[in-house]
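Report on one structure; see the data block that follows.
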There are 2 protein chains.
Amino acid sequence: MVSDRPTANGVVPMMKDMTTTERRRDSGRTKAEILQVAQREFARKGYAGARVDEIADLMRTTKRMIYYYFSSKEQLFLAVLEKAYAEVRAVEQKVDVTHLDPVEAIRTLAELTFDHHDAHRDFIKLVSIENIHEAEHIRKSATLANLGTPVLDLIERILAAGKANGEFVTEADAVDVHIMISSFCFFRVSNAYTFGALFGRDMTAPENRARLRTMVGELVVAYLRGAGAKD
Amino acid sequence: MVSDRPTANGVVPMMKDMTTTERRRDSGRTKAEILQVAQREFARKGYAGARVDEIADLMRTTKRMIYYYFSSKEQLFLAVLEKAYAEVRAVEQKVDVTHLDPVEAIRTLAELTFDHHDAHRDFIKLVSIENIHEAEHIRKSATLANLGTPVLDLIERILAAGKANGEFVTEADAVDVHIMISSFCFFRVSNAYTFGALFGRDMTAPENRARLRTMVGELVVAYLRGAGAKD
DNA sequence: CTCGTAATGTACGAACTGGTGAGTTAACTT
DNA sequence: AAGTTAACTCACCAGTTCGTACATTACGAG
């Protein structure tokens with residue numbers, strides 16, 4: 001066997017210069033890159049449609065590395081999901097609306113949720129994919145259980161404040177309010193494609209975006225004020 | 001759902017008896033059965049995850065027939081989608097709420113939509129799958145363009161009536177109202193799995209079903225009455 | 001009854017796809 | 001300097017999976 005020198009992929013520079021902190025072998029970075037590329041591939045093609053080979057081809061790592069770090073396609077997908085959810089939680093926890101009056105607080109929460117969904121299309125696709133598979137991966141993950149409680153606490157506090165000052169009349173449950181907000185924001189992004197094809201309107205287009213963003217808030221506030229109840 | 005098979009299941013009997021009207025070769029029925037089984041398979045596994053061989057194994061037909069009638073996996077999927085949408089349209093067109101007053105009409109429409117989504121889980125999964133693939137199949141279909149107009153007409157009439165009698169204050173667009181209703185009903189079913197895993201509540205469970213069903217109507221009515229607007 | 005054709009059964013294959021065995025190299029420790 | 005091990009490369013395989021070539025059979029027309 002002639003051991004022809006692996007001249008790398010031509011991309012990685014040979015550096016003896018150790019002043020740079022960059023390392024040619026870096027497990028953390030390789031793992032992170034795999035997760036990033038895998039997320040895009042899964043989101044674009046679905047779980048079964050995504051190809052491990054393709055994920056590998058899209059980066060400077062090889063397929064062997066994927067299995068080295070993640071053991072299987074399924075565990076890779078789970079890792080992608082966990083990372084995506086973690087990012088979401090991180091953003092949500094920065095939300096502080098406690099200083100606002102209840103109506104403004106719930107409106108703001110709705111709009112922030114709207115913006116967040118708008119900005120994380122890949123995440124939404126991953127969740128859709130996971131739902132098609134009836135959450136079989138999430139259920140295996142301990143990390144992801146009861147990830148929702150922080151938001152629920154927030155909503156609960158807002159609802160309590162709203163009732164206390166008389167602005168909210170409807171007896172509403174925090175989870176239900178969360179469903180109202182999420183469903184609207186999620187659907188607008190997740191179903192934009194078929195909706196556009198069937199109704200000839202792009203829900204994600206800029207001219208619709210602003211109007212729909214306002215709508216979420218108004219919707220929830222109107223409900224909480226009790227205007228929808230039968231009299 | 002015609003099941004005119006004399007034998008419960010098992011092998012088709014060799015019959016020289018021609019008094020029976022049943023034909024052992026029946027293209028229409030074979031096609032229908034393929035579509036039915038394929039729908040379930042696609043809904044359960046996603047587009048790429050569905051296996052043509054498995055679809056064949058799940059019936060009394062062979063894989064060869066699938067290709068004989070549908071040419072390719074992709075065209076089979078499209079046919080499944082078209083059939084599913086056709087059934088939906090058929091149901092929607094039977095809805096008549098014109099005799100009701102506007103508030104009751106929109107509430108009823110919302111609840112009917114709710115029931116409809118509740119009863120057609122497979123359809124919802126197919127739509128989710130199609131959205132993951134950015135509606136690439138639907139776009140190829142002439143049959144499915146502007147399928148939504150009937151519902152929009154209905155909503156428009158209700159909105160006009162509501163404004164006329166003063167019950168609706170909000171300047172609302174028919175498509176937007178449809179989004180409000182659909183998003184809630186669709187999300188409740190499509191995302192029930194991940195939602196259940198994260199929030200520990202099954203949105204499709206009977207005890208929640210009834211409450212959420214009432215909520216859709218109240219939500220939309222509250223919004224249309226203008227209670228959510230900033231003053 | 002015979003013949004043409006639509007409908008169906010059988011067997012197979014080429015390309016793919018998740019996963020692995022085994023060796024190699026870089027970086028760190030002592 | 002030598003040893004240790006984590007990080008990485010390369011070639012390969014066994015099982016799938018979509019799709020097809022070809023043989024066969026039932027049905028209806030004439």
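What you see is a predicted model, and the numbers here were worked out from it, not measured in a lab. To find a chain, count down the sequence lines: A is the first, B the second, and so on, and within it residues start at 1. FYI, side chains are in, hydrogens and waters are out, and symmetry mates aren't considered; it's all heavy atoms of this structure.
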Aromatic plane relationship, A:His137 with A:Tyr47 - under 30° parallel, 30 to 60° tilted, over 60° perpendicular: tilted
A:Arg25 CZ to D:dT4 P, straight-line distance once rounded to whole Å: 18 Å
Pairing residues for A:Phe114 by the ring pair (Phe, Tyr, Trp, His ring centres under 6.0 Å) criterion, not counting sequence neighbours: none
Separation of atom CD1 in B:Ile66 from atom P in C:dG9, rounded to whole Å: 12 Å
N or O in side chain of B:Thr62 less than 4.0 angstrom from C:dG9 OP1/OP2: yes
Atom pair distance, as rounded to whole Å: CD in A:Glu33 and P in D:dC8: 10 Å
Distance in angstrom units between B:Ile34 CD1 and C:dT8 C1', rounded: 11 Å
Pairing residues for A:Phe70 by the ring pair (Phe, Tyr, Trp, His ring centres under 6.0 Å) criterion, not counting sequence neighbours: none
d(NZ, B:Lys31; P, C:dA7) in whole Å: 8 Å
Rounded interatomic separation in angstrom, taking NZ from B:Lys45 and C1' from D:dC18: 16 Å
Phosphate OP1/OP2 of C:dT8: any B:Tyr69 side-chain N/O under 4.0 Å: yes
Per-nucleotide protein contact string for nucleotides 12-21 of chain C, where B marks a base within reach and S marks sugar-phosphate only (heavy atoms under 4.0 Å, - for neither): -----SBBBB
Interatomic distance, A:Met59 CE vs D:dC8 P [rounded to whole Å]: 10 Å
Could you give the side-chain donor-acceptor pairs of residues 193-206 of chain B under 3.5 Å, partners two or more places apart or in another chain?
from     : atom 1 : to       : atom 2 : distance (Å)
B:Tyr193 : OH     : A:Glu134 : OE2    : 3.3
B:Thr194 : OG1    : A:Asn131 : OD1    : 3.4
B:Thr194 : OG1    : A:Asn131 : ND2    : 2.9
B:Arg201 : NH1    : A:Asp173 : OD2    : 3.0
B:Arg201 : NH1    : A:Asp176 : OD1    : 3.3
B:Arg201 : NH2    : A:Asp173 : OD2    : 3.1
B:Asp202 : OD1    : B:Thr204 : N      : 2.9
B:Asp202 : OD1    : B:Thr204 : OG1    : 2.7
B:Asp202 : OD2    : B:Thr204 : OG1    : 3.4

B:Met65 CE - C:dA7 C1' separation (whole Å): 6 Å
For B:Glu54, salt bridge (charged side-chain N to carboxylate O under 4.0 Å, His left out) partners two or more places apart: B:Lys45
Any residue meeting ring pair (Phe, Tyr, Trp, His ring centres under 6.0 Å) with B:Phe123, in chain and number order, not counting sequence neighbours: B:Tyr85
